[in-house]
Amino acid sequence: MDFNLTDDRQMLADTLNRFLTEQYPVEYRVNVAYEAPFHDAALWDQMVELGALYALAPEQAGGMGGSGFDIAVVFEALGRRLCPEPVLGALMASRLLAAAGADQEPLLTGACKYAVGISEIDAAYELDQVATVATGAGDAITLSGRKSTVYGGQVADVILVAAKQDDRLGVYAVQAAQANITGYGMMDGGGAAEVLLDNTPASLLIADAQEALQDAINAGILALCAEAVGVMDVTHTMTVDYLKQRKQFGIPIGKFQVLQHRAVDMLTEIEQARSITIKAAAELGGVEASKYASMAKNMIGRAARLIGEESIQMHGGIAMTWEYAVSHYAKRLIMLDAQLGDTDYHLSQVMKTYVA
Amino acid sequence: MDFNLTDDRQMLADTLNRFLTEQYPVEYRVNVAYEAPFHDAALWDQMVELGALYALAPEQAGGMGGSGFDIAVVFEALGRRLCPEPVLGALMASRLLAAAGADQEPLLTGACKYAVGISEIDAAYELDQVATVATGAGDAITLSGRKSTVYGGQVADVILVAAKQDDRLGVYAVQAAQANITGYGMMDGGGAAEVLLDNTPASLLIADAQEALQDAINAGILALCAEAVGVMDVTHTMTVDYLKQRKQFGIPIGKFQVLQHRAVDMLTEIEQARSITIKAAAELGGVEASKYASMAKNMIGRAARLIGEESIQMHGGIAMTWEYAVSHYAKRLIMLDAQLGDTDYHLSQVMKTYVA
Amino acid sequence: MDLSYSKDDLAFRDEVRAFLSEKLPKEISNAVRSGAELTKAMTEEWHAILNARGWLATIWPKEFGGPGWSPVQKHIFEEECCRAYAPRIVPFGLNMLGPVLQKFGSKAQQDHYLPRILDGTDWWCQGYSEPGAGSDLASLKTRADRDGDHWVINGQKTWTTLGQHADWIFCLCRTDPDAKKQEGISFILVDMATPGVEVRPIRLIEGGHEVNEVFFTDVRVPIGNLVGEENKGWTIAKYLLTHERTGIAGVGFSIQALEEVKALARKTRRGGRPLIEDPLFAARIAQAEIDLEAMKITNLRMLFKAQEQGAPGPETSLLKIKGTVIHQELKDLARRALGPVAAPFPGHVSEGNLMFGPEDTAHNAARYFNNRKTSIFGGSNEIQRNIVTKTMLEL
Amino acid sequence: MDLSYSKDDLAFRDEVRAFLSEKLPKEISNAVRSGAELTKAMTEEWHAILNARGWLATIWPKEFGGPGWSPVQKHIFEEECCRAYAPRIVPFGLNMLGPVLQKFGSKAQQDHYLPRILDGTDWWCQGYSEPGAGSDLASLKTRADRDGDHWVINGQKTWTTLGQHADWIFCLCRTDPDAKKQEGISFILVDMATPGVEVRPIRLIEGGHEVNEVFFTDVRVPIGNLVGEENKGWTIAKYLLTHERTGIAGVGFSIQALEEVKALARKTRRGGRPLIEDPLFAARIAQAEIDLEAMKITNLRMLFKAQEQGAPGPETSLLKIKGTVIHQELKDLARRALGPVAAPFPGHVSEGNLMFGPEDTAHNAARYFNNRKTSIFGGSNEIQRNIVTKTMLEL
């Protein structure tokens with residue numbers, strides 16, 4: 001048993017944290033995150049150079065990591081600075097490419113940006129409800145359907161799409177240039193896209209992809225959980241700092257016992273969220289990966305709402321303003337619940353294990 | 001719109017409250033409530049004399065009340081002094097007798113004590129799961145099955161039993177002397193019984209009783225909700241009083257802001273519980289009675305748990321003792337959730353209205 | 001006990017319904033329903049329509065041009081306006097300054113300002129909060145110094161709602177810097193066009209502009225703009241805080257929100273069926289609906305008590321706390337129901353003619369975030385709990 | 001990061017499992033499983049079995065007869081004991097007085113008392129709380145006045161767990177009435193057989209007898225029964241409060257409770273199907289299970305930190321808070337799962353050979369009520385939050 005990071009991972013964490021703290025101050029981040037294309041190409045290149053993408057794939061795939069803890073380290077660092085660069089798409093695509101035994105170099109060098117299209121308007125979270133269809137074979141495959149809120153889709157070069165052919169759920173690669181893509185910005189910063197497929201040319205990546213997609217989703221969930229832990233940690237620190245500085249009625253508001261106890265309860269939930277994320281990281285790729293991913297995402301959903309709402313309430317009006325960073329942290333905390341399955345969806349997944 | 005009690009009801013409330021405060025101190029109550037037969041015959045007679053039973057039935061049935069607000073007044077008074085006398089059985093039986101057009105005089109004079117047997121071990125709350133069966137007709141009807149936790153069954157003279165004959169849910173009257181009855185005391189005081197029916201003679205009261213039983217249950221739910229409001233009100237008052245008296249760290253613990261705010265939240269939920277009980281009282285007997293009964297029982301379940309648990313926690317150890325009255329109030333608050341459908345059961349009933 | 005409206009009240013309700021169905025412009029109610037920010041023109045149009053009917057200043061006594069309604073009638077009117085998705089009345093002139101002038105103002109002030117509030121000549125905003133004076137309002141620092149026939153005002157106000165549209169602002173200013181905290185404060189009216197008044201927008205969390213900072217630099221205001229006595233402004237502030245709080249539970253808005261949530265949950269599909277058939281989500285709705293049903297009665301009980309006793313009691317703080325919690329929960333459910341399709345930033349949503357989700361879901365996440373304000377402003381829920389602690393629990 | 005046990009730890013776990021499967025008497029584990037109160041004889045029997053194996057004083061160093069386990073081994077042992085439904089060790093002699101004597105006691109005290117704790121000669125209880133000194137322990141009033149070679153003790157202790165079985169009690173007494181609050185307190189050992197000691201039972205909310213009041217009237221105790229320095233007892237009290245708190249989350253007991261809840265929900269039928277298929281109830285279980293899964297890791301993280309740093313930090317307060325909340329929630333679910341059949345008073349349940357519910361459900365409501373104590377005793381959860389506020393948040 002060892003809860004310390006390995007030296008390599010600790011170094012990666014330190015490097016990314018230092019880099020983002022220096023190169024990505026929150027004011028700059030807000031400008032990038034809310035202005036098309038909701039992406040900073042220079043930053044992207046620098047992060048790749050620091051190893052943020054290589055950490056997501058194992059050595060045999062050309063990467064330098066790929067385990068749950070590697071993923072957690074990268075995304076917690078992204079979360080701490082609210083970085084909405086399309087790393088989640090890269091991670092999930094990397095898992096799918098690995099499952100297909102496909103070349104990952106263009107992905108890992110950052111040269112080719114990937115997004116993964118699973119969600120549809122009537123199938124926000126559920127693989128078994130995917131309605132996009134693939135027809136044809138070989139070079140003549142085309143896709144029809146609509147993928148909705150494809151995170152990072154607004155700047156992707158390639159979109160990996162979950163689609164069905166004769167009831168087989170497969171993964172297909174679509175060149176962004178060949179699809180009808182409408183990009184837009186998100187409530188919490190960063191971008192996504194609607195991807196309209198209408199006999200759009202595609203190539204087959206994985207014919208029976210249920211398992212590979214579930215693994216990609218589990219990795220994505222872990223990434224979101226680790227990101228959330230980073231966001232919550234910073235949010236809580238900012239809130240406690242504010243309690244020390246802000247005076248009302250002649251004393252720092254942190255002297256009010258009600259706020260003290262609520263700050264303690266926030267801390268407790270953050271520690272619990274960190275724990276379940278560690279567990280999900282340890283289980284990633286194993287037989288119980290999906291169960292622990294669901295547990296983690298459920299707990300993160302509850303904790304993130306608590307931290308998001310309480311941090312605003314305990315700050316008061318100032319956290320309601322665009323100018324004050326806590327508002328952006330709170331938005332990220334609330335909105336990430338809707339990525340890759342929300343609190344209730346994942347609770348239901350855990351409940352399913354009771355009826356065997 | 002008028003939220004004042006009528007003069008008659010106010011007088012009944014005052015009379016019952018005064019009587020119970022004087023004649024039924026908590027130490028005495030605890031002795032009666034936890035010692036077989038968990039019933040005080042003298043008190044019962046006096047309550048009848050004061051009109052506690054007459055208030056439960058309308059004039060045409062020989063009573064002097066019978067509306068939702070009459071019921072609420074009686075049970076809130078019982079709740080305030082934790083009186084576990086079998087008035088609930090009388091109320092529910094009165095509704096069934098009225099539906100059957102049967103004579104209620106023996107009930108209303110208190111001469112004949114009724115209990116109502118609906119629950120079974122595998123059908124704690126649901127009428128449609130009743131498994132007790134009736135066979136035969138006329139004077140030759142017999143019942144077989146087991147009614148579980150029949151409140152007041154340990155001292156009842158007659159038990160009205162829900163049973164099925166050929167898929168028709170009926171109500172049958174069983175003489176207690178002719179059934180196999182095992183009485184016992186309850187965690188929160190008062191008594192109940194297991195009623196074993198094995199070709200036990202019975203008489204038919206209502207052949208198609210779905211509606212009448214639902215009305216009796218709705219009335220019973222309202223009674224429990226009003227009782228709970230009385231219990232919560234007293235519990236909260238005792239808690240706030242304790243906060244004023246108890247000193248730790250040199251000051252009354254009521255000066256600690258955390259306890260203040262929690263006491264306010266308790267008060268808020270009590271007022272909400274009172275409101276939904278008023279609504280259920282107003283709707284009793286109407287077309288939406290079941291819906292509002294379910295709403296009330298769900299909210300009462302949530303509020304009562306909050307008040308019960310918080311009153312113990314805010315008192316600290318002393319409320320964990322048998323000697324201190326709050327422990328008995330808390331027990332009643334927690335345990336009444338399991339009567340006539342718990343929090344989740346009634347939430348489900350409300351949810352059913354969404355899928356029409 | 002009688003929970004039903006009287007015959008007269010029912011007739012009144014029908015009258016209100018008929019009026020709303022006839023006079024409320026569809027484009028305005030659609031804007032309200034969509035959750036979009038209302039334009040100034042829309043607000044002014046609706047105020048004018050109400051004023052023409054004599055129903056704009058609902059809480060003013062008849063003598064000042066109000067309709068002279070009972071608390072129950074006011075409640076019915078608010079309920080029906082919500083049901084019809086009418087805009088909220090901008091309260092600063094009508095519900096705040098109006099009653100203040102009626103109680104504390106001079107005859108001349110009443111004669112001058114009140115008609116201008118009614119006919120929309122003056123749009124008022126409120127100058128209370130300051131960066132260092134939020135929950136602890138009495139620690140405000142904006143000064144008004146006497147200089148001959150003028151007050152000279154220096155300082156800064158914040159959270160000035162719709163200040164960007166306002167012609168006038170009523171301010172709490174410190175007029176005696178040596179007096180104790182709550183003393184030495186005065187209530188002064190300021191024409192926003194006066195030199196030295198500067199309004200700067202505050203962008204809110206969801207991107208919208210509804211509040212502002214207002215800076216005062218040597219702003220010269222005639223002596224006659226003082227309302228009530230000099231240094232007694234705190235009395236007025238307290239009066240406003242306890243005045244007319246029966247609508248504070250926001251029941252009407254929660255009824256709207258509940259309807260929206262149910263509609264969204266019927267249209268959203270999850271797991272191959274409408275979301276409303278998902279037990280976990282249905283349970284969330286049901287719990288909120290039950291809380292709201294109880295709140296409707298709690299609200300009526302307080303209303304009845306206010307009618308009986310002539311003034312609302314400290315129980316209104318309970319309404320504020322629970323009312324905002326319920327409303328915020330419902331806003332959370334709307335966002336939650338939509339999931340990913342509520343995630344785009346509203347400005348982008350209809351771009352390229354793409355409709356999102358089961359309908360245009362643009363504003364749901366934005367409204368969720370925007371409504372976090374309701375448990376903060378008007379005396380935060382923490383301040384309300386402090387009030388109840390003192391007044392009702394006597395701890 | 002590595003969440004798995006080492007090979008050695010796994011081997012140790014197998015050894016513990018084998019021991020428990022061989023040596024833990026079935027009638028004892030059945031009694032624990034049923035939730036019934038354990039008899040004194042059962043507890044003594046189990047203590048003796050553990051002592052024979054050298055595993056009774058798990059936290060004592062080897063030199064005093066402990067097994068010399070690492071924190072992880074201690075954790076594994078506790079986890080396995082819970083899994084096997086072994087009784088909890090009565091902690092007063094073994095986990096409280098033992099470490100105190102080892103750190104603060106004289107050689108003579110160690111030689112005399114420690115072996116008697118191990119072999120069961122002395123059953124110890126704790127004399128800390130008083131009617132006026134609960135959360136504010138330092139305000140205790142029981143006095144020990146010096147009279148020649150004796151202390152003369154007068155006062156009252158309360159919440160004395162299992163005091164009815166005890167031979168000895170360790171007490172915090174005020175030995176300098178003029179000193180400041182935390183000063184002037186001494187730690188004194190008292191033979192319960194001394195004249196003037198009177199034990200009165202306190203009946204608990206659910207009807208059980210596990211705590212007592214202990215009255216002291218002119219109780220004469222030899223001078224040598226003082227542990228550590230005179231007037232420095234508060235140092236010992238504080239030492240005990242922070243010592244060995246790694247098991248404080250009670251994870252093992254919650255794992256037990258979760259299993260019980262699932263078993264009950266499988267056996268209980270509601271709406272014609274097993275309760276565990278009811279989405280609302282399954283959701284309650286799932287949420288508690290997730291919290292518990294997280295708590296398992298949180299517990300291990302703190303344990304690892306304690307092992308690295310040599311002592312547990314203030315984070316143990318978080319374990320206490322969340323650990324009790326999770327355990328209490330599970331106890332609530334057990335009661336809730338059973339519904340009406342959990343309602344009878346335990347004494348009556350099997351009367352007349354009637355079995356209740358899906359199995360004998362006697363103790364579920366009683367255990368729910370009894371376990372409300374866990375968020376109160378050992379420093380209430382409110383006190384724990386105060387501690388975290390000061391130590392971790394520095395507010």
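Just so we're on the same page: letters track the sequence lines, and every chain starts at 1.
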With salt bridge (charged side-chain N to carboxylate O under 4.0 Å, His left out) as the test, would you mind laying out the steps for C:K305 and C:E308 before giving the verdict?
CA-CA 5 Å; C:K305 200 173 164 191; C:E308 294 264 286; over 6 Å; no

Mind telling me whether [Y] and [X] have parallel, tilted or perpendicular rings, with 30° and 60° as the class edges?
X	Y	value
C:F12	C:W69	perpendicular
C:H327	C:F253	perpendicular
B:F249	B:F256	perpendicular

Residue [X] versus chain B: region with a heavy atom under 4.5 Å:
X	result
C:P279	both
C:E394	both
C:I321	side chain
C:D9	neither
C:L292	neither
C:K262	side chain
C:S4	backbone
C:N386	both

Please lay out, stage by stage, how C:T374 and C:T324 fare under the test side chain to side chain donor-acceptor pair (under 3.5 Å).
CA-CA 6 Å; C:T374 61; C:T324 54; 4.9 Å; no

Max heavy-atom pair count under 4.5 Å with chain C, selected residue of [options]:
options	answer
B:M295, B:H261, B:E271	B:H261
B:M299, B:H236, B:E269, B:R302	B:R302
B:D265, B:N298, B:V350, B:T6	B:D265
B:I276, B:T237, B:L243, B:D344	B:I276
B:T353, B:T277, B:I278, B:V240	B:I278
B:M1, B:Q272, B:K255	B:Q272

Given heavy-atom pairs under 4.5 angstrom as the criterion, report whether the side chain, backbone, both or neither of [X] touches chain C.
X	value
B:A263	both
B:F69	side chain
B:V355	side chain

From OG (B:S294) to CD1 (C:I290), nearest 0.5 Å:
8.0 Å

Show the atom names and distances, to 0.1 Å, of all donor-acceptor pairs under 3.5 Å that link a side chain in residues 222-232 of chain B to residues at least two apart or in another chain.
unit_1: B:E227; atom_1: OE1; unit_2: B:R332; atom_2: NH2; d: 3.2
unit_1: B:E227; atom_1: OE2; unit_2: B:R332; atom_2: NE; d: 2.6
unit_1: B:E227; atom_1: OE2; unit_2: B:R332; atom_2: NH2; d: 3.3

For chain B, the option from [options] that forms the most heavy-atom pairs under 4.5 Å:
options	result
C:Q307, C:M295, C:E315	C:M295
C:R266, C:Q287, C:E289, C:E277	C:Q287
C:R301, C:K322, C:E382	C:R301

Is it true that a side-chain atom of B:K297 and a backbone atom of B:D337 form a donor plus acceptor pair closer than 3.5 Å?
yes

Evaluate the salt bridge (charged side-chain N to carboxylate O under 4.0 Å, His left out) criterion for residues C:K296 and C:E79: first the C-alpha distance (whole Å), next the side-chain angles of each, then the deciding distance (0.1 Å), finally the verdict.
CA-CA 11 Å; C:K296 284 183 193 171; C:E79 209 173 26; over 6 Å; no

Is there side-chain contact between B:L5 and B:L12, with at least one heavy-atom pair below 4.5 Å?
no

Would you say the side chains of C:D332 and C:Q328 form a donor-acceptor pair under 3.5 Å?
no

B:K244 atom NZ: more than 12 heavy-atom contacts under 6.0 Å:
yes

